[in-house]
**Q** 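Here it is: the structure, laid out below.
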Amino acid sequence: MSEAYFPVGPGLGLEENFLSLDDILMSQEKLPGRAESALPRLAFALGQGAGTGGSIPEGSKLEIPLWLAKGLHDSKRRIISVELPKIYKEAWRTVFSADANVVDLHKMGPYYYGFGSQLLNFDNPENPEIAQTILQTFISRFRRIMDSSQNAYNEDTSALVARLDELERALFRAGQKGLNDFQCWEKGQASQITASSLVQNYGKRKFTDMDG
């Protein structure tokens, strides 16, 4: 009998969790970049066609998956350079600072927070501003998301959820589950509280040791 699947949460900050489906999908997001040296045998992998012997010439513009950009990035050898996606540039940071709640994050990038945190792995003079914007965006949107999750019980929330990034959607679902569990408890519909199997097994082992 197969065991139930328990989703693995994404990593935090600069580190990815390679057991997380969200992090795997996030690592496929593309970054604009440039080849600072010739890249042999990578033309097909980067969708650049057959090229000359499968190589990408120096100076070529690229769209690089995050996982590959991190692998190729080397500040000493200058294999590739990475540019900021537009949503993390100064113009959009100004929009976020004015009112982050008006932005459709899912349309701009479904992994806004996780992907933005990964950008800090690259040497960019704007990294402090990017990190600050990500943090302030989360803070300014968090209360509205949780308030909505607590006040939209048995209502159609598809329009609201459609504008959230994947982390915010997870928070919204957690808020609605908490509300549902609380209302079930109020109505006396909550499941009976029982001891954890871990606690029960620990107790059995303890009594066995005492008998020995």
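Nothing here was measured: the structure is a model prediction, and the numbers come from that model.
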**Q** In Å and rounded to the nearest 0.5 Å, what is the CG to CD distance from Asn180 to Gln176?
**A**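 Taking CG in Asn180 and CD in Gln176, the distance rounds to 8.5 Å.
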**Q** Calculate, to the nearest 0.5 Å, the distance between atoms CD1 and CG belonging to Ile130 and Leu84 respectively.
**A** 4.5 Å
**Q** With no hydrogens and no angle check, is any side-chain donor or acceptor of Arg163 less than 3.5 Å from a backbone partner on Val102?
**A**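 Present.
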**Q** Do Asn124 and Leu119 have side chains that approach each other closer than 4.5 Å (heavy atoms only, starting at C-beta)?
**A** no
**Q** So, taking the atom named CE in Met108 and the one named CH2 in Trp92, what distance separates them when rounded to the nearest 0.5 Å?
**A**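 It comes to 4.0 Å.
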**Q** Tell me whether Arg169 is salt-bridged to Glu166, with the criterion being a basic N under 4.0 Å from an acidic carboxylate O.
**A**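 Yes, charged N to carboxylate O under 4.0 Å.
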**Q** Tell me whether the count of non-hydrogen atoms from other residues, nucleotides or ligands lying under 6.0 Å of CD in Gln28 goes above 12.
**A** yes
**Q** Determine yes or no for a side-chain-to-main-chain donor-acceptor pair under 3.5 angstrom, with Asp181 supplying the side chain and Gly178 the backbone.
**A**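 Not a single qualifying donor-acceptor pair exists.
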**Q** Of Glu126, Glu129, Gln136, which is the lone residue that meets side chain to side chain donor-acceptor pair (under 3.5 Å) with Arg93?
**A**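 Answer to the side chain to side chain donor-acceptor pair (under 3.5 Å) test with Arg93 among Glu126, Glu129, Gln136: Glu126.
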**Q** Might you work through the side chain to side chain contact (heavy atoms under 4.5 Å, CB included) test for Asn151 and Leu179, ending with a clear yes or no?
**A** CA-CA 9 Å; Asn151 294 299; Leu179 175 62; over 6 Å; no
**Q** Once side-chain contact (heavy atoms from CB on, under 4.5 Å) is applied, do any residues pair with Lys30, and if so which ones, sequence neighbours excluded?
**A** Glu63, Pro65
**Q** Could you pull out all residues at least two apart from Phe122 that satisfy ring-ring contact (aromatic ring centres under 6.0 Å, His included)?
**A**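 Phe122: ring-ring contact (aromatic ring centres under 6.0 Å, His included) contacts with His73.
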**Q** Do any N or O atoms from the side chain of Gln150 and from the backbone of Gly175 form a donor-acceptor pair under 3.5 angstrom?
**A**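 At least one qualifying donor-acceptor pair exists.
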**Q** Taking side chain as C-beta onward, heavy atoms only, is Leu66 less than 4.5 Å from Lys70?
**A**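 Yes. Closest side-chain heavy atoms under 4.5 Å.
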**Q** Test Ile80 against every option in Leu31, Ile64, Ile56 by the side chain to side chain contact (heavy atoms under 4.5 Å, CB included) rule and name the one that passes.
**A** Ile64
**Q** So that I can tick it off, tell me whether Arg141 and Glu168 are bridged by a salt bridge, with the cut-off set at under 4.0 angstrom between side-chain N and carboxylate O.
**A**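 Yes.
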**Q** With a 6.0 Å cut-off (strictly less than), is the heavy-atom count around CZ of Arg34, excluding the residue itself, greater than 12?
**A** yes
**Q** Looking at residues at least two apart in the chain, or sitting in another chain, which of them share a ring-ring contact (aromatic ring centres under 6.0 Å, His included) with Tyr112?
**A** Tyr88, Phe96
**Q** Is any side-chain heavy atom of Gln118 closer than 4.5 Å to a side-chain heavy atom of Ser27?
**A**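 SC-SC contact between Gln118 and Ser27 ruled out.
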